[in-house]
Amino acid sequence: MVRAAERAGRPPRTSVWLEDRAPRGGGRGGGGQPSGLDRDRITAATVRLLDAEGLTKFSMRRLAAELNVTAMSVYWYVDTKDDLLELALDAAFGEIRPPDPEPHPGSDPEPHQGPVPKTGPEPGPEPRRSADPGPGPGPGPAPASADWREELRALARAYRALLVRHPWLSSLAGTFLNIGPHAVAFQLAVQRVVRRTGLRTAGQAGALSAVFQFVYGFGTIEGHFVRRCAAAGMSQDDYHRRAMSAVTREPGLREAVRDSADLRQARADGTVEEIRDRDFAFALELLIAGIETMVRRGE
């Protein structure tokens, strides 16, 4: 077990994934290691608790009670609460199944060696997609492929769904380095797809940010809204109707409500979830069209 005294003089921790530490397994080992626990079981319980109760209510004592062990028993497997949250973050990313890397003529076979962007997706309902595969290849380190569009859509939908299933994930993805094996596998899959768009290398990081920071924001807001509706014991449609009714009655907000009436009317066909799916799909198509435009311009 790691004690505070043993950590004196060590440099600040950067990530649990950068710690030089042998994995600890289950069973009763030497030195009083608790029986029936292992890091995977503790991590899975952490994810369940975060899903059920949220990040603010999570504690090592609460986790220990869930596992029916003492809080000190958990510290046989992790040094700090932050380490455990990092493990949970990567475990959630393990729900994504990125496409297997396939060689493409003219593409760089080596993985990207620069900083891995923070992106930080099982897919939700299938949105409507454009049938137009877009323009052919443009200038860039690798020829464009029609497949990149569909793979980019699939990765974006999967990331969005992950953020909605686990509302706590967005906060942790912005707090930690997010360099666990599952997160890195997702990030590299995204990079491989963007390499095949035909964008010049200098523009690829910007394309990654445009698409996946959009998904991060969209999925974060959606996830919090879904959780808020559940906490209120209401459907999303009922909650939205009640909220809009309250907003409409507020004198200070009436002008804003009136000025946006045409936007609401244009989106009125369908449930809140269906409207949100259409908005997400359309916004994603705008981003893909932007990439295609930049490729044609040789950017």
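Note that the coordinates shown come from a computational prediction; the quantities given were computed from them, not determined experimentally.
Using a 4.5 Å cut-off between side-chain heavy atoms of Ile, Leu, Val, Met, Phe, Trp and Tyr, with links allowed through other members, Val47 and Val226 fall into different hydrophobic clusters. Residues Leu89 and Ile179 share a hydrophobic cluster, clusters being chains of Ile/Leu/Val/Met/Phe/Trp/Tyr side chains in contact below 4.5 Å. By the rule that hydrophobic residues join a cluster once side-chain heavy atoms approach within less than 4.5 Å of another member, Leu162 and Leu208 end up as members of one cluster.
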Original post:
Are Arg276 and Phe225 close enough, and set up right, to give a side chain to side chain contact (heavy atoms under 4.5 Å, CB included), and what steps lead you there?
Top reply: CA-CA 12 Å; Arg276 200 164 50 224; Phe225 178 75; 3.6 Å; yes
**OP:** Could you check Val211 against Val190 for side chain to side chain contact (heavy atoms under 4.5 Å, CB included), going step by step and ending with a plain yes or no?
**Re:** CA-CA 10 Å; Val211 175; Val190 170; over 6 Å; no
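The distance from the NZ atom of Lys81 to the OG atom of Ser59 is 6.5 Å, given to the nearest 0.5 Å. Between the CG atom in Leu284 and the CZ atom in Arg149 there is a gap of 12.5 Å [rounded to 0.5 Å]. Remark: Trp17 CH2 to Leu177 CG distance equals 12.5 Å, nearest 0.5 Å. To the nearest 0.5 Å, atoms CH2 (Trp168) and OG1 (Thr220) are separated by 12.5 Å. Taking NE2 of His166 as the start and CZ of Arg227 as the end, the distance is 11.5 Å to the nearest 0.5 Å. Taken from CG in Leu169 to CG in Leu163, the straight-line distance is 5.5 Å, to the nearest 0.5 Å.
The number of heavy-atom neighbours closer than 6.0 Å to CZ of Arg61, taken from other residues, nucleotides and ligands shown, is 12 or below. Remark: Glu250 CD is packed, more than 12 non-hydrogen atoms of other residues, nucleotides or ligands lying under 6.0 Å away.
Closest of all the heavy-atom pairs between Asp237 and Val272 is OD1-N, 2.8 Å. Heavy atoms only, all atoms of each residue included: Ala183 and Asn178 are closest at CB-OD1, 3.2 Å. Of all heavy-atom pairs between Leu87 and Thr43, the closest is O-CG2, 3.5 Å. Among all heavy-atom pairs drawn from Thr197 and Val295, the shortest one is O-CG2, 3.5 Å. Minimum heavy-atom separation, Phe218 to Arg160: CE2-NE, 3.9 Å. Between Tyr216 and Ala173, the shortest heavy-atom distance links the atoms CE1-CB, 4.4 Å.
The side chain to side chain contact (heavy atoms under 4.5 Å, CB included) test with Trp148 is passed by exactly one of Arg153, Arg192, Arg195, Arg196: Arg196.
Side chains of Arg242 and Ser245: a donor-acceptor N/O pair is absent below 3.5 angstrom, by distance only.
Listed by first and then second residue, the side chain to side chain donor-acceptor pair (under 3.5 Å) pairs that reach into residues 84-93 are Ser15-Glu86, Asp90-His182, sequence neighbours excluded.
Taking the six-membered ring where tryptophan is involved, the planes of Phe186 and Phe93 are tilted, since the angle between them lies from 30° to 60°.
A distance-only check finds no donor-acceptor pair linking the side chain of Tyr77 to the backbone of Ile42 [under 3.5 Å]. Although no hydrogens or angles enter the test, the distance criterion places a donor-acceptor pair under 3.5 Å between the side chain of Arg200 and the main chain of Gly298.
Between Leu152 and Ile291 the shortest side-chain heavy-atom distance falls below 4.5 Å.
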